[in-house]
Amino acid sequence: MKFLSIFALLLFVATPLAGFAAEDDKVHQGIFVENPGTDLWRDVRQRNFAMEGSSQVKSVDSNILINPQGDEWARFRVGVLVRFASITLVIITGLLLLHYVTGGRMKIEGGRSGRVLLRFSDFERVAHWTLAIIFLFLAITGLMLLFGRPVLIPLFGHELFSLLASASKEGHNLIGPIFLVSLVLVLVRFVTRNIYASGDLNWLLKGGGLFGRSHVSSGFFNLGEKAWYWILILAGLVISVSGVILVMPNFGQGREIMEMSHKVHSIAAIVLIAVSMGHIYLATAGTEGTLEGMKTGYVDLKWAETHHDQWAQECQDKNLTISSEEFARLQGKAVDKSSTVAKEQG
Amino acid sequence: MARMKFYCDAERCIECNGCVTACKNENDIPWGVNRRRVVTIRDGEKGERSLSVACMHCSDAPCAAVCPVDCFYTTADGVVLHDKDICIGCGYCFYACPFGAPQFPENAAFSSRGKMDKCTFCAGGPEQDHSSDEFKKYGRNRLAEGKLPLCAEMCSTKALLAGDANVLSDIYRKRVINRGASVLDWGVNYDSAKL
Amino acid sequence: MGSIIDGSLWYFSLTVFVIGVVWNLVRIVFGKRKADFSIPRDSAVAGALRTLISRFIPDRHMLPRISLQVVAGYMFHLGLFVLLFFAAPHVRFLDEHILGFGWSPAPHWLFIVSAQFAFLGLIMLWLHRVINVVSRLISDRGDHIAAILTFVVMLTGCLALLETFNELRLLHRLSVELWLIYFPFSRLMHAFTFVPSRMFTGAWFGRRGVGS
């Protein structure tokens with residue numbers, strides 16, 4: 001650099017300007033001043049935030065010369081995120097499989113009782129399945145976009161995957177905002193039953209009966225279900241808000257906000273997908289008789305006593321249980337009329 | 001094969017936006033899409049500099065790395081191009097690009113962006129050279145005609161240069177040697193006037 | 001395959017739809033009916049029009065029990081209406097292929113929002129149909145096919161939103177064609193028959209001077 005400056009000085013001496021410069025020492029020194037441009041370019045290039053300038057071109061971030069965050073985000077998207085997502089999903093699948101094959105499926109203790117009680121109303125089940133359908137659609141389309149390039153392009157080729165990705169993206173963007181609506185329905189409907197109650201800590205200390213196959217006392221929802229509820233609500237709200245930011249580029253938010261939103265959105269989504277896999281497993285293959293509650297609204301009394309003994313007791317005290325014949329009648333199934341009439345008379 | 005690069009000399013750029021206009025005209029680019037733009041830093045202050053920016057045709061392009069449908073490719077000349085038939089308009093390349101080169105024809109709600117458009121180094125796209133399809137999707141293919149990008153060709157002060165990287169760095173080195181320190185920050189007049 | 005969907009199958013489905021709908025309506029409106037010899041106490045026409053409108057408003061006493069169906073029902077039908085007749089690609093299609101004239105479409109965001117309303121409404125209505133015992137018992141296969149077919153039409157349309165992949169457009173068009181063919185033979189006819197149905201009831205009561 002020094003050599004260059006001296007060299008440059010020598011060059012300038014040979015120009016007519018040098019004559020002018022020689023008249024004033026100060027001006028002469030001006031040439032020795034280090035190029036102020038270097039500071040400027042250091043600012044532009046090496047700062048951790050984007051330096052703002054101005055431009056005649058008016059569009060999102062058009063006044064920012066270099067956004068160093070972009071490259072960092074790209075590395076997160078194709079490296080950290082894909083690794084984190086695949087490892088998380090593989091681990092959770094492995095754990096659930098392990099739980100199942102080691103005989104983790106929880107049976108109803110002492111078999112079915114023949115009496116059932118109402119667990120979820122029609123509206124609650126509609127809200128649940130609405131959220132479930134939308135969630136599954138979003139999870140599948142989202143994962144396709146995330147894992148498409150490493151997994152699906154080698155399988156389908158660029159053209160076909162591009163078609164699938166386009167469909168996934170458009171579907172994800174359109175259905176996405178509905179997730180927030182159905183999430184709010186579930187939030188409002190189930191919040192009162194998901195507040196911490198005494199005895200929940202005890203449930204936690206005993207590991208929720210997940211290991212060792214012992215059953216722990218609990219109310220309508222146990223702490224595990226409450227935790228799932230709050231993970232769903234919190235992660236769901238985070239996903240929804242960041243998703244709305246991502247899906248509304250028309251409001252002109254810059255790249256840094258988009259990159260942040262994407263990071264938050266994807267991590268929260270992977271967490272929610274992982275936990276929801278646990279929820280789906282426990283509600284279907286993991287325990288006997290749980291899915292009935294979401295299908296018909298009614299669960300067996302023995303199931304309730306096994307998993308939610310306090311709630312079962314409350315219902316029994318209020319005389320809310322009904323016989324399975326009555327249940328079949330409520331479900332509109334053909335029942336032998338004479339026996340029903342006889343019972344009603346009796 | 002040549003390795004194509006842009007180079008913009010901040011000591012020469014006078015923010016005339018001639019490159020922006022040349023690009024728009026040559027490639028028939030609609031409103032809202034700006035493949036090239038001039039950014040001015042410290043506008044009106046001491047040390048003001050302007051630079052013309054477009055796609056820098058990076059060797060290890062973040063846009064290509066992050067594209068979920070893998071629609072980018074690098075030509076033998078080192079020009080980074082993309083296939084609009086594969087692009088799904090997700091916007092990831094825009095988030096990843098440090099220079100803000102990727103552009104979208106729309107910016108409507110619900111991520112309706114249309115397909116990405118960016119500087120092609122006036123090298124068209126994957127379609128047949130000089131076909132009407134290529135022109136409609138990507139603009140002019142000047143490289144195939146043996147010409148350089150019009151933005152650089154039309155630059156009035158020769159601040160913006162385009163061409164083989166080795167040639168460009170030779171030109172720049174000569175300029176720096178001849179110029180010495182910055183020509184724009186001498187501070188000759190009022191500093192010395194002793195007012 | 002594409003030429004069949006864009007060509008012969010399209011004309012076939014459109015023919016089935018138009019002839020089926022017209023035939024159904026003619027059958028309903030001009031069908032043989034027992035003559036009413038009673039002396040009219042009030043205007044049948046007024047009653048018909050009154051009922052046609054008043055049935056849009058749910059019964060006040062029933063409302064608390066059917067609020068889900070009312071809200072989701074309106075969401076679905078209004079959303080589908082806007083989506084069907086004011087989405088830019090639909091207006092363009094009607095202009096180019098059927099009517100020969102168009103109108104100004106809704107902005108893109110309104111198109112998407114109405115689609116979201118329609119999706120949420122349809123999903124909740126169908127879930128209510130299978131979850132609520134009474135709804136389930138009074139639903140037959142036709143109801144489920146109609147709901148699912150409509151959902152498939154909406155979903156394929158949603159997936160084809162980028163409007164660049166011909167295969168996705170063909171998929172949407174194919175589902176529309178199946179929907180059109182199914183339309184005249186199914187509950188989907190209610191899109192037209194609700195008018196004569198309500199008016200018939202209204203006229204019958206109106207003639208007797210009774211509100212309905």
Side-chain angles (χ1 to χ4, degrees), chain A residues 118 120-138 141 144 159-185 189 244 247-251 293-298 327-334, chain C residues 64-72 75-76 79 83 87 89 107-139 148 151-152 154-172:
Chain A
L118 182 66
F120 297 115
S121 72
D122 285 358
F123 178 74
E124 285 161 0
R125 280 177 288 145
V126 169
H128 170 268
W129 288 113
T130 305
L131 185 64
I133 289 172
I134 292 170
F135 174 78
L136 284 178
F137 178 81
L138 293 174
T141 51
M144 275 193 31
E159 274 86 16
L160 182 56
F161 175 68
S162 170
L163 183 145
L164 292 174
S166 164
S168 299
K169 180 214 149 207
E170 300 299 333
H172 199 87
N173 287 346
L174 191 143
I175 302 291
I178 314 178
F179 177 76
L180 180 59
V181 180
S182 57
L183 184 75
V184 169
L185 286 181
R189 194 66 185 187
V244 167
V247 91
M248 298 286 176
N250 52 315
F251 292 118
M294 237 351 135
K295 264 165 71 182
T296 65
Y298 288 85
F327 169 68
R329 196 181 67 77
L330 284 174
Q331 292 296 303
K333 285 184 185 123
Chain C
R65 300 174 63 107
I66 57 165
S67 49
L68 174 73
Q69 292 99 300
V70 171
V71 173
M75 276 169 67
F76 168 66
L83 163 68
H108 184 78
W109 65 265
L110 183 61
F111 163 28
I112 301 296
V113 167
S114 61
Q116 286 163 342
F117 271 95
F119 266 110
L120 186 60
L122 183 57
I123 291 172
M124 290 179 78
L125 285 174
W126 184 75
L127 282 172
H128 184 266
R129 191 185 280 288
V130 293
I131 279 171
N132 182 274
V133 176
V134 176
S135 304
R136 189 170 64 221
L137 290 175
I138 60 171
S139 303
I148 290 168
F151 183 78
V152 168
M154 282 162 56
L155 188 66
T156 51
C158 158
L159 299 184
L161 262 176
L162 195 63
E163 294 178 44
T164 48
F165 291 92
N166 198 35
E167 292 83 356
L168 292 175
R169 183 187 65 79
L170 288 174
L171 201 65
H172 182 49

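Just so it is clear: chains get the letters A, B, ... in the order the sequence lines come, proteins before strands, and each one is counted from 1.
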Under 4.5 Å from any heavy atom of chain C, what part of I134(A) do you find: side chain, backbone, both or neither? side chain
Can you measure from CD1 (I178(A)) to CE (M124(C)) and round to the nearest 0.5 angstrom? 11.0 Å
Closest approach of A167(A) to L159(C) (non-hydrogen atoms, all atoms of both residues): O-CD2, 3.3 Å
Taking all non-hydrogen atoms of both residues, which atom of V126(A) and which atom of L127(C) are closest, and how far apart? O-CD1, 3.8 Å
Relative to chain C, which of R125(A), E159(A), E170(A) shows the most heavy atom pairs under 4.5 Å? E170(A)
If you round to the nearest 0.5 Å, how far is CG of L120(C) from OG1 of T130(A)? 6.5 Å
Measure L185(A) against the heavy atoms of chain C and call it side chain, backbone, both or neither at under 4.5 Å. side chain
Using a cut-off of under 4.5 Å on heavy-atom pairs, state which of I175(A), T296(A), T141(A) scores highest against chain C. I175(A)
Heavy-atom proximity to chain C below 4.5 Å, by part of I133(A): side chain
Roughly how far, to the nearest 0.5 Å, is the CG atom of L168(C) from the CG atom of L164(A)? 8.0 Å
Relative to chain C, which of G297(A), S168(A), G171(A) shows the most heavy atom pairs under 4.5 Å? G171(A)
Atom CZ of F135(A) with >12 non-hydrogen neighbours under 6.0 angstrom: yes
By a 4.5 Å heavy-atom criterion (distance strictly below it), what part of V181(A) contacts chain C: side chain, backbone, both, or neither? side chain
Interface moiety of N250(A) toward chain C, non-hydrogen atoms closer than 4.5 Å: neither
Is chain C contacted by the side chain of S162(A), its backbone, both, or neither, given a heavy-atom distance below 4.5 Å? both
P107(C): what forms a side-chain contact (heavy atoms from CB on, under 4.5 Å) with it, not counting sequence neighbours? W109(C), L110(C)
For the pair W129(A) and V130(C), evaluate side chain to side chain contact (heavy atoms under 4.5 Å, CB included) and give the outcome as yes or no after the intermediate values. CA-CA 11 Å; W129(A) 288 113; V130(C) 293; over 6 Å; no
Measure from the side-chain N and O atoms of Q331(A) to the backbone N and O of V133(C), and report whether any donor-acceptor pair falls under 3.5 Å. no
Heavy-atom distances under 4.5 Å only: say whether L137(C) touches chain A with side chain, backbone, both or neither. side chain
